[in-house]
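Encoded as structure tokens, here's the structure I'll be asking about.
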Amino acid sequence: MNTEILGIIAMFGITFLLAIPLGKYIAKVYGGEKTFLDPIFIPLEKLFYKISGINPSKEMTWKQHLVALLSINLLWFLMSMAILMNMSWLPLNPDGNPSQSADLAFNTTISFLVNCNLQHYSGETGISYLGQMWLMFLQFVTAGIGMAAAAVVFKAFREKTTTQLGNFYNYFVKSCTRILLPISLIVAAVLVFEGTPMTFNGKDTITNLQGDTVQVSTGPVAAFVPIKHVGTNGGGFFGANGAHPLENPTYLTNMVEMIAQFIIPMAMVFAFGFFIRKRKFGWMIFGVMTIGFWLLAAPNIVMEMNGNPAIANMGIDISQGATEGKEVRIGAAASGFWSIVTTVISTGSINSMHDSSMPLSGMNELIAMMVNAFYGGVGAGILNIFIFIILAVFISGLMVGRTPEFMGKKIEAREMKIAMIIALAHPFLILGGTAIAAAFPSVGSVAISNPGHHGFSQMLYEYTSSAANNGSGFEGLGDNTLFWNISTGIVLLLGRFLPIIGPVAIAGLLAEKKFIPESAGTLKTDTSTFGIMIFAVIAIIAALSFFPALALGPIAEYFSLK
Amino acid sequence: MKKEILPAIKLTAVLVVLLMVVYPMIVWGMAQFAPNNGKGKVIENNGKKYYSNVGQIFNDDKYFWSRPSAVDYNAAGSGGSNKGASNEEYLATVQARIDSFLVHNPEVKKSEIPVDIVTASGSGLDPHISVQAANVQVKRIAKIRGIEESQIKQLILDNTEKPVLGLFGPERINVLKINLALDNFNKL
């Protein structure tokens, strides 16, 4: 069989096989059970809590969780603005790169704070090593925040009736130390030996074989790239992100980085099943996500391998596929596969330029972010699918004429209102943002770099990526302007914190309710029928809200491509 | 919120030490055991140093050409063309590259030109070309260098990088390595 296809099967298969034991491990970490890394981390965490004056066993209500979460984020926001706006004279700046302007620093700060990593600067010229290291810190802790929020939801469904949902700092610190850090170290070990640089020296100057002088940017790349993937952050050290031959030097590193970004989103689903002691429910969600994922990924692999018909008409050999914006060592198949993994799980790192994907591949990348719940980002994925589950429970309840119940708790008006607001906020942010950019061409659509339908897709992609906290882009868009920095910054903020606040609030409200034991009249939520129901809800919401915009962009481009 | 700020500041401080100082130092320590102490893989040839993973511009007829680059192989500013598949201006550029390729390689049939040699990579620094992209350049290089085609074909075979474990990923040719091999074979 074709080695490119085999590579994809291997990447998916290895991720799946590792995700189950990792899911068990994550469930144990949040449950406070014994794990094999205890001897290292228990003393370390004790020290951390002692210095910070935190009592990790003090239980919190859902509101206290959210206050703690938002407070620490506010602190990071202020620190980040200070660092990014003063990089030029701070240490660790061997290339002499400038500080960021206020609006660019605002965009970069928000973008990394919300685990999105949309980048309106280029890594080689727009940031110092200190800035890179700070962003790397944010990549760790913001992934930890997402996972801590998911752990609160986990906890709410494990207990029968409670207001006490564990300690925020406990979940957060453990996510960083026991899950993100060890996996990042393993990935880093592979990268340094495959040729990813880890140095604090600045640019190197060499003379190439044809005699020209070239400057080569390097840096502490091998520390940055692992957490960028493990935490589904996706921000590149270099402008070209995962397509850059120093970030992703070989097919082996491509496989490792792929597994690194894919594994926690998948493992969190199993962790949920293990944690609430309903494995079958975990498998049902996994099934829904996996089917949704392959419905998007398989066509992309095929379309990218088939190549651009407009180039085929020129009479050359396009058996390698759509090679524009792709690297030879990675190939069209693995690029197509990556383009969907990175968009469903909100990493947003790229190993090929999405702007140059085939039109309908671009559409699938957009749909992946519009749904944003097939696996989803670390922590955030569980929170997003949770909203769809609540909607599916409610709709199924109405259809069969029973009170909607989920995990023994009645779903009532208050929870439904929150769920609807969250479900509708996502299309509102995307379509509203794109509409404003299109309506004011002097500040908005002036940034596009391709004419016609594809230009519209560039704007739609930028807001979709922002609202989904993804961070990839149709990078031809000239987006380092006041309008784009501020508008996407706002969309990023709302796109992150609403989907955290909403599900945590719903879970907290449900946890306080009286537990109703299962009876013959209870709607079973761990069956394939219910899985189909969730899928239908996702399809209807995505199709109804986004189809018109998709028709104007990628679909129209597809039909115009001869 | 006030009550939470002080612990947040202290916790951030200790996490900065762990994640911004200790973690990168561990990775840096591992890198000291890696090729070239983690400063990127390099090839030394005739006293000159090249980064084997960072693509270079090759447009001279005596060398295997590298792929077109949207950033002219500027290794301090990577990037792709970001041109959409339907962009007319972009398609005209590709057509011009095909025409230029045929002018420099008159013996090659148009249908043999592989797409990677006329399209730009994502990073603009792609160090590789496909095996077919090397094969279609054999006749030109043989003529200019005055060596047998079979000898160049042998160089291609020797420089073909195989899939991982022979199973995963595409075959490819590192353009810098094969051009160094060409130069070491007969210096022009």
Side-chain angles (χ1 to χ4, degrees), chain A residues 3 6-7 10 48 51-54 67-68 71-72 75 124 133 137 140 188-189 192-193 195 197-199 203 208 214-218 220 222-223 238-240 243-245 249 251-252 308 310 315-318 320 323-329 331 352-353 355 358 450 454 475-476 557 561, chain B residues 1 4-5 7-12 14 16 19-20 24 27-28 30-31 34 38-41 49 51 53-54 56 60 75-80 82-87 91 94-95 98 110-116 119 121-123 125-130 163-164 167-170 172 179:
Chain A
T3 52
L6 270 182
F48 280 14
I51 296 173
S52 337
I54 289 167
V67 170
S71 308
I72 202 161
L75 172 72
E124 292 95 331
M133 305 279 275
F137 169 78
F140 270 106
V192 290
F193 284 94
M198 183 65 202
T199 167
K203 287 189 188 102
N208 72 15
V214 190
Q215 290 197 312
V216 181
S217 289
T218 57
F238 299 112
H244 195 288
Y251 195 82
L252 179 66
N308 187 344
I316 63 167
D317 174 7
I318 62 156
Q320 285 178 70
T323 49
E324 182 70 36
K326 294 191 179 56
E327 303 288 299
V328 168
R329 67 188 177 285
S352 69
M353 294 297 150
D355 218 344
M358 290 295 99
N450 282 289
H454 193 82
E475 288 298 340
E557 189 190 359
L561 191 65
Chain B
M1 197 168 234
E4 303 292 342
I5 277 292
I9 292 174
K10 291 180 192 163
L11 184 62
T12 300
V14 287
V16 162
L19 303 173
M20 243 175 108
V27 179
W28 185 84
M30 291 195 287
K39 297 196 180 83
K41 283 190 179 166
K49 181 182 86 172
Y51 286 89
N53 287 325
V54 179
Q56 298 185 359
D60 198 323
S78 58
N82 289 310
K83 296 294 182 203
S86 64
N87 188 328
L91 293 170
V94 174
Q95 184 65 57
I98 296 172
K110 200 183 192 184
S111 60
E112 292 170 345
I113 301 175
V115 64
D116 65 310
T119 50
S121 63
S123 61
L125 300 171
D126 196 340
H128 296 101
I129 52 175
S130 64
V164 180
L167 290 173
F168 310 127
R172 68 237 167 243
N179 282 333

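None of these values were measured; they are calculated from a predicted model. These numbers come from the heavy atoms of this one structure, side chains and all, not from hydrogens, waters or symmetry mates. Below, read A as the first sequence line, B as the second, and so on, with proteins coming before strands; counting in each chain starts at 1.
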Taking every heavy-atom pair that is under 4.5 Å apart, which of A:L561, A:T218, A:V216, A:L252 has the most such pairs with chain B?
A:V216
With chain A as the partner, which of B:P127, B:G40, B:S86, B:G80 has the greatest number of non-hydrogen pairs under 4.5 Å?
B:S86
Based on non-hydrogen pairs under 4.5 Å, which of A:Q320, A:E475, A:M358 is most in contact with chain B?
A:Q320
Between B:G38, B:A8, B:G79, B:S78, which has the largest tally of heavy atom pairs under 4.5 Å with chain A?
B:S78
Which bit of B:V14 is near chain A, if near means a heavy-atom gap under 4.5 Å: side chain, backbone, both or neither?
both
Determine the option with the most heavy-atom pairs under 4.5 angstrom with chain B, choosing from A:G7, A:A310, A:S352.
A:G7
Check each atom of A:I54 against the heavy atoms of chain B and say whether the ones under 4.5 Å are side chain, backbone, both or neither.
side chain
Whatever's closer than 4.5 Å to a heavy atom in chain B on A:L75 counts as side chain
Quick check on A:P220 against chain B: is it the side chain, the backbone, both or neither that has a heavy atom closer than 4.5 Å?
neither
So which part of A:N308 gets closer than 4.5 Å to some heavy atom of chain B, the side chain, the backbone, both or neither?
side chain
Given that the side chain runs from C-beta out, which part of B:I98 has a heavy atom under 4.5 Å from chain A: side chain, backbone, both or neither?
side chain
Of the backbone (N, CA, C, O) and the side chain (C-beta and beyond), which part of B:P114 lies under 4.5 Å from a heavy atom of chain A, both, or neither?
both
Looking only at A:H454, A:E557, A:K326, most heavy-atom pairs under 4.5 Å shared with chain B are made by A:K326
CD1 of A:I316 to OG1 of B:T119, rounded to nearest 0.5 Å, is 7.5 Å
So, do B:D126 and A:R329 sit near enough that their side-chain heavy atoms are less than 4.5 Å apart?
yes
Under 4.5 Å heavy-atom distance to chain A, tell me which part of B:I9 shows up: side chain, backbone, both or neither.
both
Under a 4.5 Å cutoff for heavy-atom pairs, which residue among A:G331, A:S217, A:A222 has the most contacts with chain B?
A:S217
